[in-house]
Amino acid sequence: PRPIYLDCDTGIDDALALTYLLNSDGVRLAGIGTVSGNTSAREAAANTQSLLRAHGSVVPVAVGSHDPLDGRYRGGAPHVHGGNGIGDVSLPPGDDVTSETAPEMLLRLAREHGRDLDVVAIGPLTNIAHALALDPTLPERVGTLTIMGGAVWAPGNITAVAEANIHNDAEAARQVLAAGFTTVLVPLDVTLQHCFDDEDAEVLAREATPLHVALGAMLHRYLDFYESVDHVRRSPLHDPLAAAIAAGDLRIDTRETGVAVTIGGPEHGRTVATDEGPVARVVIGAEPATAALIRDRIIAGPHPSHYAPRV
Ligand code: BDR
Ligand code: CA
């Protein structure tokens, strides 16, 4: 299996993405760094450790940046992800975090695995930007960087034109997208096309493992938020989609383009297609069965004896 460094702001859809990657045979989580976004970096690490314990897996977790490059952490998204980041679902605590920071962990894993290491970033890009500042050769020394973020041709979700992960640290995103990584960008353009609904939440909860019951409860909370803004109970699979693409599990449509990030003004955090700068593969579509594939992988956990055969 390919080693992955996951950078996340756990987060309800981050929790789904984490479970997806833990259940994927083709990849192995070598380390996880956390960043402030949906919740603080420290709480995201605690959530991640709790989820790992509930899954029965051990992966080192490093706390990363509390504040974005260009300011102060703004307090997360409790209206979307609950006060604790995971829909106010409470889980038993997991292991302690590592003594290294998230950027240090990423650089260490890059040294150990070289271009075999893929990086999956599903929160603001602050830790990746800090790692880049410590080692500007990082883009040539790792494999693919898959980023959930941006809204290239689609409208935004945190402002009319900006997506949350990019808006929460636009300066970090500007630096990372200009750095020359082999980049796959998974923006709202595609994530809004693939959703879970109440049936998915119920199917997860029916699995009756503590992890799946918790994920089902989180998903109900996530659906409540989307219903309040979109008037339909469908929640986009932002982070799980990036996980599935990074694992190589989906047939996707992409467009190659440079991506610039607007800094300042009313369009702060907008991702704009440009002819200049390094080219990213921007995902604009994924196969129709994507949501079902993601749900099945999240269900098919590491303990087959827990599961009745699915018919
Ligand atoms: C992204 O922002 C966060 O709230 C989600 O976890 C996802 O990574 C979607 O815009
Ligand atoms: Ca996230």
Side-chain angles (χ1 to χ4, degrees), residues 4-21 32-41 43-45 47-48 51 61 64-65 68 73-87 89 102 119-128 145-152 154-170 172-173 176 184-196 215 218-219 221-226 228-230 234-246 261 268-271 282-283 294 298:
I4 285 187
Y5 166 80
L6 175 69
D7 202 273
C8 54
D9 58 337
T10 322
I12 296 173
D13 58 327
D14 303 74
L16 296 170
L18 172 67
T19 308
Y20 184 98
L21 291 171
I32 301 172
T34 64
V35 61
S36 296
N38 295 323
T39 187
S40 70
E43 188 148 49
N47 291 343
T48 304
L51 289 159
V61 177
S65 311
Y73 169 55
R74 289 187 285 262
H79 56 298
V80 188
H81 293 267
N84 69 349
I86 50 173
V89 171
V119 178
V120 181
I122 56 175
L125 292 165
T126 320
N127 291 330
I128 316 297
L145 167 64
T146 302
I147 298 169
M148 190 283 128
V152 182
N157 64 353
I158 192 163
T159 72
V161 295
E163 180 279 331
N165 286 340
I166 303 298
H167 190 267
N168 281 333
D169 196 343
V176 171
V184 175
L185 189 69
V186 184
L188 298 183
D189 304 66
V190 64
T191 65
L192 294 176
Q193 298 173 31
H194 300 278
C195 297
F196 273 176
L215 291 174
M218 288 177 214
L219 188 52
R221 177 68 183 259
Y222 207 40
L223 287 162
D224 290 345
F225 165 74
Y226 279 101
S228 74
V229 290
D230 295 337
R234 282 161 52 90
S235 58
L237 292 167
H238 305 296
D239 293 347
L241 200 66
I245 289 168
V261 178
H268 183 68
R270 182 175 194 164
T271 44
V282 179
V283 184
I294 289 174
I298 289 170

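Order of listing sets the numbers, starting from 1, for every ligand and every atom in it.
Nearest non-hydrogen protein atom to atom 8 (O) of ligand 1 is Asp239 OD1, 2.6 Å. From the protein, the heavy atom lying nearest to atom 1 (C) of ligand 1 is Glu163 OE2, 3.3 Å. The protein non-hydrogen atom at the shortest distance from atom 3 (C) of ligand 1 is Asn38 OD1, 3.2 Å. Closest protein heavy atom to atom 2 (O) of ligand 1: Asn165 OD1, 3.3 Å.
Across the listed options Val80, Asp9, Asp13, Thr10, Asp13 owns the non-hydrogen atom lying nearest to atom 7 (C) of ligand 1.
Counting heavy atoms of neighbouring residues, nucleotides and ligands inside a 6.0 Å radius, atom CZ of Arg221 exceeds 12 of them.
An N or O contact shorter than 3.5 Å is missing between Leu188 and ligand 1 by distance. For His238, no nitrogen or oxygen atom sits less than 3.5 Å from a nitrogen or oxygen atom of ligand 1, counting backbone and side chain alike. The distance criterion of under 3.5 Å between nitrogen or oxygen atoms is not met by Tyr222 with respect to ligand 1.
Which parts of ligand 1 touch Met148 is read off a 4.0 Å heavy-atom cut-off, strictly below it: atoms 1 (C), 7 (C), 8 (O), 9 (C). Shown in contact with Ala164 at under 4.0 Å from a heavy atom are these atoms of ligand 1, numbered in order with element: 2 (O), 10 (O).
Ring geometry for His167 versus His268: interplanar angle over 60°, hence perpendicular rather than tilted (30 to 60°).
Counting heavy atoms closer than 4.0 Å to ligand 1, residue Asp14 contributes side-chain atoms (C-beta onward) but none from N, CA, C or O. For Asn157, every heavy-atom contact with ligand 1 shorter than 4.0 Å involves the side chain, none the backbone.
Here the side chain of Asn165 pairs a donor or acceptor atom with the backbone of Met148 at under 3.5 angstrom. The closest donor-acceptor contact from the side chain of Asn38 to the backbone of Gly85 lies at 3.5 Å or more, if one exists at all. In this structure, the side chain of Ser36 engages the main chain of Ala41 through a donor-acceptor pair within 3.5 Å. Under the 3.5 Å distance criterion, the side-chain polar atoms of Asp9 are left unmatched by any main-chain donor or acceptor of Thr39.
Taking the side chain as every heavy atom from C-beta outward, Asp239 and Tyr20 never approach each other to under 4.5 Å.
Between Asn157 atom CG and Ile166 atom CD1 the span is 10.5 Å, to the nearest 0.5 Å.
Because the distance cut-off is set at 3.0 Å, Gly123 fails to qualify as a neighbour of the Ca ion (ligand 2), as none of its N, O or S atoms comes that close.
Rounded to the nearest 10 degrees, the angle OD1 (Asp9) to the Ca ion (ligand 2) to OD2 (Asp239) equals 140°.
When all heavy atoms of Thr10 and Asn47 are compared, the pair lying nearest together is O-ND2, 2.8 Å.
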